[in-house]
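Structure first, then comments.
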Amino acid sequence: MDDRMDLYKLKNTEEVELMEGEHWSDNLAHCHKNDRHREFMTLSTFKEKSLGDIHRDFKFTEDEREIVLILANLTGRIKIGKRYGTGCLQKLRINKDLNCPIEKCAKKHEQHKSATLTVTTVFHVVPNKDDLKELLFQFFYDEDYHEDDFKLNVENAFGLRLGDTEKEGGSSDWCFIECVTHNMELVGKLEEQIAKFSKLQTKLFKKYKDQDPKPVIIVSHPHSGPKKISVGKTEVSKNVKEVRENQRWCQYYYDTPTCPGSSGSYVLILGQPLNGSGYWFGHPHNHSGESRKGGINCSSVGVDHVG
């Protein structure tokens, strides 16, 4: 390995825990990354900016704007008691069985439709299957809502299962979780968003595949607060292991701003040859933490297509 790669080894993971009575904003001033907080955009700010003003080093077109807004709809906050991270909806399936698989479901003894959501994140956010008992995956926490407005605007999906993980050697860190929702209107909207995301991934892959460095966009819940958007570029990548000839299992490093609470967010690398249909339904990279090199962050293991 190149000697400089030691600088890119993972230094700190970026989940966050709030103490009793703490608000998400209480720790902003003491965050060791607070000099980069100004680089985060709220969802409303991102929508309001003209395409030329979104980021000083990256020219957004309507396609880039659209894929970020779709990613924002697929991104949610993971809440496990007082611990928080971020996840991204990858796929869903509608359950044929009308009995809810969630043990604590208020409608447990009534027949009602549900759907199972597959959410990608990182293992250090959900390290134990027992976490699923109190896990909520929260969609549309887009603004700093007051309590009543939070309940009106934020949709909860309930933790069901901890899926396969990639945690060999303590550095790969990837996992997925399955959650359940009864909101079938929401399910219909999410299905549309997943399909659109896949098509745009393919289109933007063709546009950026020969560009280096590549743009890296992250939508996350820094400090467990409302979702924020940050933009940067790839720094370097490294191979983690060999599995098949046409698959590159690797980690990416990038200068896109993140903070505690960003762990598990989807790392959108424009031009990345993700393995799978539409360069989307493969094994994506999720944000894992910060590296030993200042200002550079690190993804979980993920799979790129080769050839």
* To do: Decide, yes or no, whether a salt bridge links Arg93 with Glu178 under the criterion of side-chain N to carboxylate O below 4.0 Å.
  => yes
* Between atom OG of Ser263 and atom CD of Glu15, what is the distance when rounded to the nearest 0.5 Å? -> 5.5 Å
* Mind jotting down which residue pairs meet the salt bridge (Lys or Arg N to Asp or Glu O under 4.0 Å) criterion with at least one end in residues 218-227? Sequence neighbours excluded, please. => Asp142-Lys227
* Would you say Phe58 and Val216 are hydrophobically clustered, going by side-chain heavy atoms of ILVMFWY under 4.5 Å? -> no
* Do His221 and Tyr141 have their ring centres less than 6.0 Å from each other? -> yes
* Determine, step by step, whether Leu268 and Leu270 satisfy the side-chain contact (heavy atoms from CB on, under 4.5 Å) criterion, reporting the C-alpha distance in whole Å, the side-chain angles of both residues, the deciding distance to 0.1 Å, and the verdict. => CA-CA 6 Å; Leu268 175 60; Leu270 300 182; 4.0 Å; yes
* Given side-chain contact (heavy atoms from CB on, under 4.5 Å), test Leu89 with Thr118 step by step and report yes or no. => CA-CA 6 Å; Leu89 175 64; Thr118 299; 5.5 Å; no
* **CD on Gln211 to OG1 on Thr234, rounded to 0.5 Å** => 8.5 Å
* **Any Asn153 side-chain heavy atom under 4.5 Å of Phe139 side chain** => no
* Does the side-chain contact (heavy atoms from CB on, under 4.5 Å) test come out yes or no for His287 and Thr86, once each step is laid out? -> CA-CA 9 Å; His287 175 66; Thr86 303; over 6 Å; no
* Asked: Would Phe197 end up clustered with Leu43 when hydrophobic side chains under 4.5 Å apart are linked, directly or stepwise?
  -> yes
* **Backbone of Tyr8 reached by a side-chain donor or acceptor of Tyr253 within 3.5 Å** => yes
* Give a yes or no on whether the backbone of Met41 and the side-chain of Thr45 come within a donor-acceptor separation of less than 3.5 Å. => no
* Are the side chain of Asn156 and the backbone of Leu136 linked by a donor-acceptor contact shorter than 3.5 Å? -> no
* Qualifying salt bridge (Lys or Arg N to Asp or Glu O under 4.0 Å) pairs, either residue in residues 253-267, two or more places apart -> Lys233-Asp255
* Structure fact -> Contacts of His23 meeting ring-ring contact (aromatic ring centres under 6.0 Å, His included) (sequence neighbours excluded), chain-then-number -> none
* Asked: So with a 6.0 Å cut-off around NE2 of His30, is the heavy-atom count from everything else above 12?
  -> no
* **Donor-acceptor under 3.5 Å (Ser291 side chain, Ile296 main chain)** => yes
* Go through the steps for Glu235 and Lys293 under the test salt bridge (charged side-chain N to carboxylate O under 4.0 Å, His left out), then give the verdict. => CA-CA 11 Å; Glu235 176 83 4; Lys293 184 176 180 182; 3.0 Å; yes
* Asked: Checking Gln251 side chain against Ser299 main chain: does a donor-acceptor pair fall under 3.5 Å?
  -> yes
* Are the side chains of Leu160 and Leu132 in touch, meaning some heavy atoms are under 4.5 Å apart? -> no
* Asked: Would you say the side chains of His285 and Tyr254 form a donor-acceptor pair under 3.5 Å?
  -> no
* To do: Enter the distance from Ser114:OG to Asn95:CG here, rounded to the nearest 0.5 Å.
  => 3.5 Å
* **Straight-line distance of Gln201 CD to Ile269 CD1, nearest 0.5 Å** => 9.5 Å
* Asked: Is Ile94 close to Met184 at the side-chain level, that is, under 4.5 Å between some pair of heavy atoms?
  -> yes
* Asked: Does the distance from a Lys or Arg side-chain N to an Asp or Glu carboxylate O, for Glu192 and Lys189, drop under 4.0 Å?
  -> no
* Could you pull out all residues at least two apart from Lys33 that satisfy side-chain contact (heavy atoms from CB on, under 4.5 Å)? => Glu14, Cys31, Thr258, Cys259, Glu290, Asn297
* Do you know which of Arg248, Lys238, Lys214 makes salt bridge (charged side-chain N to carboxylate O under 4.0 Å, His left out) with Asp304? -> Arg248
* Short side-chain donor-acceptor distance under 3.5 Å, His223 and Asn27 -> no
* Pro222 side chain reached by Trp24 side chain, heavy atoms, under 4.5 Å -> no
* Evaluate the side-chain proximity of Phe46 to Leu69: yes if any heavy-atom separation is below 4.5 Å, no if none is. => yes
* **No-hydrogen, no-angle side-chain donor-acceptor test under 3.5 Å, Ser262 and Ser265** => no
* **Intermediate values then yes/no, side-chain contact (heavy atoms from CB on, under 4.5 Å), Leu135 and Phe158** => CA-CA 6 Å; Leu135 185 147; Phe158 304 90; over 6 Å; no
* Asked: Do the side chains of Glu147 and Lys151 get nearer than 4.5 Å, heavy atoms only?
  -> yes
* Contacts of type side chain to side chain donor-acceptor pair (under 3.5 Å), residue Lys79, not counting sequence neighbours -> none
* Asked: Transitively linked via ILVMFWY side-chain contacts under 4.5 Å: Val267 with Phe176?
  -> no
* **Cluster check Val240, Tyr252: I/L/V/M/F/W/Y, side chain < 4.5 angstrom** => no
* Any side-chain heavy-atom pair from Val68 and Arg65 closer than 4.5 angstrom? -> no
* Got a sec, which pairs hit salt bridge (Lys or Arg N to Asp or Glu O under 4.0 Å) with one end in residues 19-29, sequence neighbours left out? -> Glu20-Lys82
* To do: Could you walk me through whether Lys207 and Glu64 pass the salt bridge (charged side-chain N to carboxylate O under 4.0 Å, His left out) test, one step at a time?
  => CA-CA 11 Å; Lys207 179 178 178 179; Glu64 286 88 357; 2.9 Å; yes
* Taking it one step at a time, do His55 and Phe60 satisfy ring pair (Phe, Tyr, Trp, His ring centres under 6.0 Å)? -> CA-CA 8 Å; His55 195 265; Phe60 273 78; 7.5 Å; no
* Heavy-atom side-chain contact between Thr75 and Ser220 under 4.5 Å -> no
* Do the side chains of Ile218 and Val231 join up, straight or via other hydrophobic residues, at under 4.5 Å, putting them in one cluster? -> no
* Asked: Quick one: CG on Leu92 to CD on Gln193, what's the gap to the nearest 0.5 Å?
  -> 11.5 Å
* To do: Please name the pair of heavy atoms, one in Gly85 and one in Val125, separated by the smallest distance, quoted to 0.1 Å.
  => CA-CG1, 4.1 Å
* Structure fact -> One should read off an interatomic distance between Phe137 CZ and Thr181 OG1, to the nearest 0.5 angstrom, of 11.0 Å
* Return the minimal non-hydrogen interatomic distance between Leu162 and Cys175, and the atom names on each side. => CD1-SG, 4.0 Å
* Asked: Hey, are Asn286 and Thr121 close enough side-chain-wise for a donor-acceptor pair under 3.5 Å?
  -> no
* Below 4.0 angstrom, N of the basic side chain to O of the carboxylate: do Arg83 and Asp131 qualify? -> yes
* Asked: Between Thr202 (side chain) and Ser198 (backbone), is there a donor-acceptor pair under 3.5 Å?
  -> yes
* Parallel, tilted or perpendicular: rings of His37 and Phe40 (30°, 60°) -> tilted
* For Asn34 against Ala29, the heavy-atom pair lying closest together -> ND2-O, 2.9 Å
* **is_close_aromatic(Trp249, His283), centroid dist under 6.0 Å** => yes
